[in-house]
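Have a look at this one.
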Amino acid sequence: MTLGPIELLVLGFPGNRFTGGIIPEIERLVEAGIISVADVLMIHKDQDGEVTFAELEEADGDDPVARLSRMMKGLDLIGEEDVLEFAQALEPNSSAAALVFEHTWFLPLRDELAGSDAVLLSNMRIPGFVVQEVLDAVEALEEE
């Protein structure tokens, strides 16, 4: 099995306010074949700075975490050293979800590229907010 591009997002939830509101959109993206969920890990830091984490394979029921766990491929791509790094960025009394997903929309294009002997020369992801900041700065300079 050859995978499409893999991406890692680490989402923070100050005050441990993970409501599960992101789950319906993730489900929609999975059902549409845009992404597949490769791995997910929930990280929690209590008031005293004690860190715990949970692999989602352990979740069941119909709560948001269990719904997310049923979408996982279970590739176990997040390691303990990753958890420690992510936890360092968390404030006490907060949590994070580390989501690893595959860009499955890319698979047919990848196959066509391979069939035409194309070679990937570069791959770069620039966060949208960074692009927007640059565009705003350019616009501000043009208005001067």
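Positions are given from 1 along the sequence. In this text, all values refer to a predicted model and were calculated from it rather than measured experimentally.
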Shared ILVMFWY cluster between Val30 and Ile34, side chains joined below 4.5 angstrom?
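The answer is yes; both residues are in one hydrophobic cluster.
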
Would you say Phe86 and Ile78 make side-chain contact, with heavy atoms under 4.5 Å?
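Counting from C-beta outward, Phe86 and Ile78 do come under 4.5 Å.
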
Quick one: closest heavy-atom pair of Pro127 and Arg125, and the distance?
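Between these two residues, the closest heavy atoms are CD-O, 3.9 Å.
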
Same apolar cluster (I L V M F W Y, side chains within < 4.5 Å links), Leu109/Met124:
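Different clusters.
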
In terms of side-chain geometry, is the basic nitrogen of Glu25 or Arg28 positioned less than 4.0 Å from the acidic oxygen of its partner?
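Looking at Glu25 and Arg28, the cut-off is met.
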
Ile26 side, atom CD1; Leu9 side, atom CG - distance, nearest 0.5 Å:
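Reported to 0.5 Å precision, the distance equals 8.5 Å.
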
Answer yes or no: is there a side-chain heavy-atom contact under 4.5 Å between Phe18 and Ile23?
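When only atoms from C-beta onward are counted, Ile23 and Phe18 do touch, with a gap below 4.5 Å.
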
Smallest separation among heavy atoms of Gly79 and Asp82, with atom names:
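Taking Gly79 first and Asp82 second, the nearest heavy atoms are N-OD2, 2.8 Å.
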
Step by step, work out the side chain to side chain contact (heavy atoms under 4.5 Å, CB included) result for Leu120 and Arg110.
CA-CA 10 Å; Leu120 180 64; Arg110 179 211 54 209; over 6 Å; no

side-chain contact (heavy atoms from CB on, under 4.5 Å) partners of Gln132, counting only residues at least two apart:
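In terms of side-chain contact (heavy atoms from CB on, under 4.5 Å), with neighbours along the sequence ignored, Gln132 is linked to Leu135, Asp136.
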
Using a 3.5 Å cut-off and no angle test, enumerate the donor-acceptor pairs between side-chain atoms of residues 90-99 and protein atoms at least two apart in sequence or in another chain.
residue, atom, partner, partner atom, Å
Asn93, OD1, Asn16, ND2, 2.8
Ser94, OG, Glu91, N, 3.3
Ser94, OG, Glu91, O, 2.3
Ser95, OG, Asn16, OD1, 3.3

Set of residues satisfying ring-ring contact (aromatic ring centres under 6.0 Å, His included) with respect to Phe106, sequence neighbours excluded
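Here no residue qualifies.
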
Does the Asp48 side chain pair with the main chain of Glu50, one donor and one acceptor, at a distance under 3.5 Å?
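Between the backbone of Glu50 and the side chain of Asp48 there is no qualifying donor-acceptor contact (under 3.5 Å).
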
Glu102 side-chain N/O to Ser36 backbone N/O, donor-acceptor pair under 3.5 Å:
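No, because the side chain of Glu102 does not come within donor-acceptor range (under 3.5 Å) of the backbone of Ser36.
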
Any donor-acceptor N/O pair, Asp39 side chain to Val100 backbone, under 3.5 Å:
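Answer holds: no.
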
For the CG atom of Leu8 and the CZ atom of Phe101, what is their distance to the nearest 0.5 Å?
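Here the interatomic distance stands at 9.0 Å.
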
To the nearest 0.5 Å, what is the distance between CD1 (Ile22) and CD (Glu27)?
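Going from CD1 on Ile22 over to CD on Glu27, the span is 10.5 Å.
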
Hey, could you give me the NE2/CG distance between His103 and Leu29, rounded to the nearest 0.5 Å?
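These two atoms lie 10.5 Å from each other.
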
Determine whether Ile6 and Leu107 fall in the same hydrophobic cluster, where Ile, Leu, Val, Met, Phe, Trp and Tyr are linked whenever their side-chain heavy atoms lie under 4.5 Å apart.
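Different clusters.
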
Gln88 side, atom CD; Ile43 side, atom CD1 - distance, nearest 0.5 Å:
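These two atoms lie 11.5 Å from each other.
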
